[in-house]
Asks: 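Submitted below is the structure of interest, expressed as structure tokens.
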Amino acid sequence: QVQLVESGGGLVQVAGSLRLSCAASGRTFAIVDMAWYRQAPGKEREFVAKTTRSGSITYYADSVKGRFTMSRDNAKNTLYLQMNSLKPEDTAVYHCAARSAEVRDNSRFNYWGQGTQVTVSS
């Protein structure tokens, strides 16, 4: 099993910044891809960013491209999301996700964190 715990959320004003962290524990050696998703009230869960095992390749949703930066520190088993130029529409619960090697479908994540709330006030 893999456990994921997010932190770093909070209340921030428009154009502000936040840095989210996701600490992984357990069978971390089995983790391949990791990602951030978010879910706003009344909306479906939305993809934010994804990175590969080494962290050298990242993918971003168009809505956050150029504002958010994802990074991964495998030595610390931690995933980060630096969020700049925040907008009210970024308000959501942000979830960390991981795919372990036994899941062949690279679009599916089998481990999820509980999430951290990000609220952007105007």
Side-chain angles (χ1 to χ4, degrees):
Q1 291 292 320
V2 172
Q3 294 78 41
L4 303 173
V5 178
E6 303 94 336
S7 62
L11 175 64
V12 63
Q13 291 187 334
V14 169
S17 298
L18 278 176
R19 189 194 195 202
L20 305 184
S21 299
C22 171
S25 60
R27 298 179 66 248
T28 56
F29 61 88
I31 295 175
V32 183
D33 300 336
M34 296 191 77
W36 288 98
Y37 281 76
R38 66 187 182 186
Q39 188 165 21
K43 294 187 177 182
E44 293 188 355
R45 188 169 59 195
E46 175 189 23
F47 167 78
V48 175
K50 170 185 171 180
T51 187
T52 54
R53 184 192 290 272
S54 66
S56 61
I57 300 175
T58 56
Y59 305 91
Y60 296 95
D62 288 343
S63 58
V64 306
K65 202 171 293 183
R67 300 187 298 121
F68 290 10
T69 303
M70 183 181 195
S71 59
R72 179 173 179 175
D73 187 336
N74 288 331
K76 296 182 178 179
N77 293 317
T78 303
L79 183 71
Y80 302 99
L81 185 67
Q82 177 66 43
M83 306 186 295
N84 299 328
S85 303
L86 283 162
K87 305 175 181 179
E89 51 264 43
D90 294 319
T91 295
V93 176
Y94 284 71
H95 295 271
C96 173
R99 177 176 72 88
S100 56
E102 59 265 30
V103 175
R104 299 298 181 94
D105 182 353
N106 63 10
S107 67
R108 191 168 77 84
F109 295 90
N110 54 325
Y111 295 105
W112 293 85
Q114 290 297 311
T116 185
Q117 175 71 46
V118 171
T119 303
V120 183
S121 65
S122 57

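If you're wondering where the values come from, they're calculated on a predicted model, not measured in any experiment.
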Asks: With side-chain contact (heavy atoms from CB on, under 4.5 Å) as the criterion, how do His95 and Val48 come out once you've worked through the C-alpha distance, each side chain's angles and the decisive distance to 0.1 Å?
Replies: CA-CA 10 Å; His95 295 271; Val48 175; over 6 Å; no
Asks: Would you say Asp33 and Thr52 are linked by a side-chain donor-acceptor pair, where the criterion is simply a distance under 3.5 Å?
Replies: no
Asks: Can you hop from Phe109 to Leu20 via hydrophobic side chains spaced under 4.5 Å?
Replies: no
Asks: Atom CD of residue position Gln114 - does it have more than 12 heavy atoms of other residues, nucleotides or ligands inside 6.0 Å?
Replies: no
Asks: Phe47, Met83: one ILVMFWY side-chain cluster at the under-4.5 Å cut-off?
Replies: no
Asks: Indicate if Tyr60 and Trp36 have the same hydrophobic cluster label, given that clusters are the connected sets of ILVMFWY residues with side-chain heavy-atom separations under 4.5 angstrom.
Replies: yes
Asks: Within the supplied structure, the quantity of interest is the number of heavy atoms (other residues, nucleotides, ligands) at a distance under 6.0 Å from Lys65 NZ; does it exceed 12?
Replies: yes
Asks: Please assess Ile31 against Phe29 for the test side-chain contact (heavy atoms from CB on, under 4.5 Å), listing each intermediate value before the final yes or no.
Replies: CA-CA 6 Å; Ile31 295 175; Phe29 61 88; over 6 Å; no
Asks: Answer with yes or no whether the hydrophobic clustering places Tyr111 together with Val93; edges join I, L, V, M, F, W, Y residues whose side-chain heavy atoms lie under 4.5 Å apart.
Replies: no
Asks: Rounded to the nearest 0.5 Å, what's the gap from CD on Glu6 to CG on Leu81? Could you check?
Replies: 11.0 Å
Asks: Could you walk me through whether Gln82 and Ser71 pass the side-chain contact (heavy atoms from CB on, under 4.5 Å) test, one step at a time?
Replies: CA-CA 8 Å; Gln82 177 66 43; Ser71 59; over 6 Å; no
Asks: In terms of hydrophobic clusters joined by side-chain contacts under 4.5 Å, are Val14 and Val118 together?
Replies: yes
Asks: How many angstroms lie between atom CD of Gln117 and atom CD of Gln39, to the nearest 0.5 angstrom?
Replies: 11.0 Å
Asks: Give the C-alpha distance, both sets of side-chain angles, the deciding distance and a yes or no for ring-ring contact (aromatic ring centres under 6.0 Å, His included) between Trp112 and Tyr37.
Replies: CA-CA 10 Å; Trp112 293 85; Tyr37 281 76; 5.1 Å; yes
Asks: Verify, without hydrogens or angle tests, whether Thr78 (side chain) and Lys76 (backbone) share a donor-acceptor contact under 3.5 angstrom.
Replies: yes
Asks: Show the nearest heavy-atom pair for residues Leu4 and Ala98, with the distance to one decimal.
Replies: CD1-N, 3.8 Å
Asks: Are Ser122 and Gln13 side-chain neighbours, meaning at least one heavy-atom pair lies under 4.5 Å?
Replies: no
Asks: Atom OG1 of Thr51 and atom CG of Leu79: how far apart are they, to the nearest 0.5 Å?
Replies: 7.5 Å
Asks: Tyr94 vs Phe68 aromatic rings, parallel, tilted or perpendicular, using cut-offs 30° and 60°?
Replies: tilted
Asks: Can a side-chain donor-acceptor contact be found between Asn106 and Arg108 if the only test is distance below 3.5 angstrom?
Replies: no
Asks: Do other residues, nucleotides or ligands put more than 12 heavy atoms under 6.0 Å from the CD atom of Gln1?
Replies: no
Asks: If we ignore hydrogens and angles and just use 3.5 Å, is the side chain of Thr28 paired with the main-chain N or O of Asn77 as donor and acceptor?
Replies: no
Asks: Do the side-chain N and O atoms of Asn110 and Ser100 include a donor-acceptor pair separated by under 3.5 angstrom?
Replies: yes
Asks: Distance check, rounded to the nearest 0.5 Å: Asn84 atom CG versus Thr69 atom OG1?
Replies: 6.5 Å
Asks: May I have the step-by-step check of side-chain contact (heavy atoms from CB on, under 4.5 Å) for Cys96 and Met34, ending in yes or no?
Replies: CA-CA 7 Å; Cys96 173; Met34 296 191 77; 3.8 Å; yes
Asks: Here's one to test your reading of the geometry: is the NZ or CZ of Arg19 within 45 degrees of the ring axis of Tyr80 and under 6.0 Å from its centre?
Replies: yes
Asks: Flag the pair Arg27 and Glu102 as a salt bridge only when some basic side-chain nitrogen lies within less than 4.0 angstrom of an acidic carboxylate oxygen.
Replies: yes
Asks: Using a 3.5 Å distance criterion without hydrogens, assess whether the side chain of Arg67 forms a donor-acceptor pair with backbone atoms of Ser85.
Replies: yes
Asks: Would Asp90 and Lys87 pass as an ion pair if we require N to O under 4.0 Å?
Replies: no
